[in-house]
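Read through the structure below, which is laid out as structure tokens, and then see the notes.
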Amino acid sequence: METQDPIPPAVPPPAPNPERKTLDDRAKMTELERIRHSCAHVLATAILRLWPDAQFAYGPPVENGFYYDLECSHRISPEDFAKLEEEMKKEIKANHVFEKLTVTREQAIADAQTGRLGGLAERPGNASKFKLDLLQNIPEGEPISYFKNGDFIDLCAGPHVMRTGNIGAFKLTTVAAAYYKGDEQGPQLQRIYGTAFKNKTALEEWLKLQEEAKRRDHRKIGAEMNLFAFDAEFTGPGLPLWLPKGGAILEELEKLAKETEFQAGYVRVKTPHLAREKMYKTSGHLPYYAESMFPPMELSGENVRCNEKEAAEEKFQEALRSLQYEQQTPQGVEALVGKLLSVSDEVRLSRTDRYYLKAMNCPHHHRIFAAEPHSYRDLPLRLAEYGTCYRYEQSGELFGLMRVRAMNMNDAHIYCTPEQFAEEFRAVNEMYLKYFSIFGLGKYQMRFSTSSPEGLGKKYVNEPELWKQTEDMVRKVLVESGINFVEVANEAAFYGPKIDVQVWSAIGREFTIATNQVDFAVPAKFGLTYRDRDNTDKTPLCIHRAPLGTHERFIGFLIEHYAGNFPLWLAPDQVRVITLGDDENLIKEGKRLVHELRQNFVRVDGDFTNEPIKAKIANAEHARVHTMLVLGPRDLEAGHVSVRLHTGGPQGAKPTAQVVADILQSIKERRA
RNA sequence: GCCAGUGUAGCUCAGUGGUAGAGCAACGGUUUUGUAAACCGUCGGUCGUCGGUUCAAUCCCGACCACUGGCUCCA
């Protein structure tokens, strides 16, 4: 039977540390990490036996195994894994000692130049270029060491297991491309992923766990339950179609958000899906964000008004007037044609109006704020909207519902005074926690992202004082609320610090499920003000928040969280009334019950066919119908229905009225 | 966008250089049933798209598209 037991979607790993590991960090490596790191060396050894020209970069242990990045004339594919694993087994069987050698920097550079580092022997003319680069990054004074197993010598600080034979069980998993040092502009390397364990049993257990994780993949369950569909051919990649069953979940979430926000003093607004270019020029999102936006729609024509239009037309006329003097020579004509073309292009552009599909709702909300004058007495103003946003994510980044190109955001912008900020920010965090408790969401990480002094004026607006103030405010709220969080420098939004809630998908990918951001910059760009007590105009602070993220990602996450077995209030199929056979009286009572539930807004249907009861139950179970109400002659006689839960099996017969009341109560309370 | 892999009926999957099958689903019957699948029949596919090789391509080759695993990026 399928249950809700949490197959761990991978334990939250510590935030990946882009910085170089210190020797102290390395000394803390667990035994499993040492096994995996050692296995990376064994992999490199095997690769070199097959393709001696390979040059190696990094080969660290990672959450579920290890990888080694390399450059090699041969393109390694999974078809090569069998022979690679053969070579690796030989190296493990040879049981070589991982021998540590400490060398001078000069020696290391010399060895790298001969190609000896990350090699089985010296390779004249094939210097260990990545190792040379790595050597540059080792701070003066830090000892430099090699690790040697058999013929293979690698520049490495360790630590390792004692001998290659200590690697109990391993498996190569996948190949990928990876940029050197993660830099998109840098060289692209081949990355071979593998995993290793102390013994075969542990490896097999892990592989089994991977299989189980795949079974709760939202893409698989979404298809099984008919929640959503992708239709790349007609609708487009990354543009989900919500089927009726998925629509039901979406409606429930939206209802929850609207009720919660209403009670918290939010007001609802509605804004269009697109806006003119000026919107995003003003907000500062263009040109920085243009890459992530769908290309603009260009409208041109006489009725387009634009400031530059007249100026451009003037230039055009001027070019025409010069025609008579310059057309004497061929060069003159050519120059003139070029000039006319460029000017006419200018005129065309000046007559073109550009509309962008919105990638975020904030600018629209800012314009709503600007549509009316505001007094400090109006604040805080909390504008909420399930806004539909469009982002042109790179094709390789699309991932089921978790990463799409059209999304419905549980968005709101809170405009407040600095005095109100802490209270508002705290209230938002409380809303998060309320939601998480409704969904029984325990495995997440709050990540507090701050600026960096170096990024001021570049990545971040240049307001050191405001950065410090808002970061202090946020930190204080977090600490006072007793919320566990990690602080990450240099990850803030350009307009202020933020808190992201990180969760992990069934297959272990990390996602931001919710976000809460401070904005002390953009309202000023739009000239937003409120009249303060002292009769001066001041710029409000803005909090961007999306505790339920987007429907797409949040539902994708919930599908995996519940493994498709939703609580009653969220279940697309809440109740099915199943008659035992198709006796007229049974059907009559069945229909009455369906009608009663439906009039109380329960998503209910009836199965009154003459299929055997076992088949009808099986159908309902496969559809993950939350509650099955079986109606047979005995039940009818007693005024009962027999209750069966998808996640709990048969619950016995109960009076119909009581069952209905329980169902309505469970939905109302949004019971887990 | 980059690297690798995959693409056969609505779903899960077989299969072959001589224009394709199974189970489930759907539909039509028969069956009259107490909690995960009764029986019979019918329908269903230009084998992702376009080109090439070949007497002949779903199969071999190429390009493109989409999806999957990663990289980069992000709600």
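Just so you know, these numbers use all the heavy atoms, side chains as well, and skip hydrogens, waters and symmetry mates. Residue numbering restarts at 1 for every chain, and letters A, B, ... go by the order of the sequence lines.
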Do the side chain of [X] and the base of [N] come within less than 3.5 angstrom through a donor-acceptor pair of N or O atoms?
X	N	answer
A:S642	B:G34	yes
A:R553	B:C74	yes
A:E393	B:A75	yes

Please state whether the phosphate of [N], meaning OP1 or OP2, lies under 4.0 angstrom from any side-chain nitrogen or oxygen of [X].
X	N	answer
A:Y67	B:C71	no
A:R403	B:A75	no
A:R644	B:A36	yes

Would you kindly give the [atom1]-to-[atom2] distance between [X] and [N], to the nearest whole Å?
X	N	atom1	atom2	answer
A:K498	B:C74	NZ	C1'	8 Å
A:L189	B:U72	CG	P	12 Å
A:H626	B:U35	NE2	P	21 Å
A:L636	B:U33	CG	P	16 Å

Step through it carefully: locate the ring centre of [X], locate the ring centre of [Y], and say whether they are under 6.0 Å apart.
X	Y	answer
A:F557	A:F511	no
A:H273	A:Y390	yes
A:Y289	A:Y280	no
A:F439	A:F554	yes

[X]: partners by salt bridge (charged side-chain N to carboxylate O under 4.0 Å, His left out), with sequence neighbours left out:
X	answer
A:K245	A:D573
A:E637	none
A:K255	A:E252
A:K258	A:E254

Any idea which of [options] is nearest the [X] side chain?
X	options	result
A:Y193	B:G34, B:C67, B:G70	B:G70
A:A178	B:C71, B:A66, B:U33	B:C71
A:T512	B:G69, B:U35, B:A75	B:A75

Exercise. So, does A:H285 use its side chain to make a donor-acceptor pair with the main chain of A:A359 at under 3.5 Å?
Worked result: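 Checking the backbone N and O of A:A359 against the side chain of A:H285, no donor-acceptor pair under 3.5 Å is found.
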For this session: Would you mind telling me which residue lines up with the more 5' stretch of RNA chain B, A:M628 or A:T515, judged by nearest nucleotide?
Result: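 Final value for this comparison: A:M628.
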For this session: Let me know, please, whether A:L631 or A:G182 comes out on the 5' side of the other along RNA chain B by nearest nucleotide.
Result: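 Looking at the nearest nucleotide for each, A:L631 comes out on the 5' side.
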Exercise. Tell me, which of residues 577-585 of chain A have any heavy atom that sits under 4.0 Å from an atom in RNA chain B?
Worked result: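 Hits under 4.0 Å, by residue number: A:L580, A:G581, A:D582.
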Exercise. Looking at residues 543-550 of chain A, who's got a heavy atom less than 4.0 Å off RNA chain B?
Worked result: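 Those residues whose heavy atoms fall under 4.0 Å from RNA chain B, taken from residues 543-550 of chain A in numerical order, are A:T550.
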For this session: Indicate the atoms forming the closest heavy-atom contact of A:R576 with A:D607, along with that distance.
Result: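 Reported closest heavy-atom pair: CD-CB, 4.0 Å.
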Problem set entry | salt bridge (Lys or Arg N to Asp or Glu O under 4.0 Å) contacts touching residues 399-410 of chain A (sequence neighbours left out) |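 Residue pairs passing salt bridge (Lys or Arg N to Asp or Glu O under 4.0 Å), neighbours aside: A:E393-A:R403, A:E397-A:R403.
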For this session: Sort by first number and list every stem of RNA chain B: at least 3 consecutive Watson-Crick or G-U wobble pairs, both distances under 3.5 Å.
Result: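 For RNA chain B the paired stretches long enough to count as stems (3 pairs minimum) are B:1-7 with B:65-71, B:10-13 with B:21-24, B:26-30 with B:38-42, B:48-52 with B:60-64.
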For this session: Using side chain to side chain contact (heavy atoms under 4.5 Å, CB included) as the criterion, list what pairs up with A:E33, not counting sequence neighbours.
Result: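 For A:E33, the residues satisfying side chain to side chain contact (heavy atoms under 4.5 Å, CB included) (neighbours in sequence not counted) are A:M29, A:T30, A:P61.
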Can you give each donor-acceptor pair under 3.5 Å made by side-chain atoms of residues 187-196 of chain A, sequence neighbours left out, with the distance rounded to 0.1 Å?
residue : atom : partner : partner atom : Å
A:Q190  : OE1  : A:I76   : N            : 2.8
A:Q190  : NE2  : A:C72   : O            : 3.4
A:Q190  : NE2  : A:H74   : O            : 2.9
A:R191  : NE   : A:D69   : OD1          : 2.6
A:R191  : NH1  : A:Y193  : OH           : 3.2
A:R191  : NH2  : A:Y67   : OH           : 3.4
A:R191  : NH2  : A:D69   : OD2          : 3.0
A:T195  : OG1  : A:N64   : O            : 2.6

Exercise. Can you give one letter per nucleotide of nucleotides 1-9 of chain B, 5' to 3': B if a protein heavy atom sits under 4.0 Å from the base, S if only from the sugar-phosphate, - if neither?
Worked result: BBBS-----
For this session: Can you sort out the partners of A:F66 under ring-ring contact (aromatic ring centres under 6.0 Å, His included), two or more places apart, ordered by chain and number?
Result: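 ring-ring contact (aromatic ring centres under 6.0 Å, His included) list for A:F66, sorted by chain: empty.
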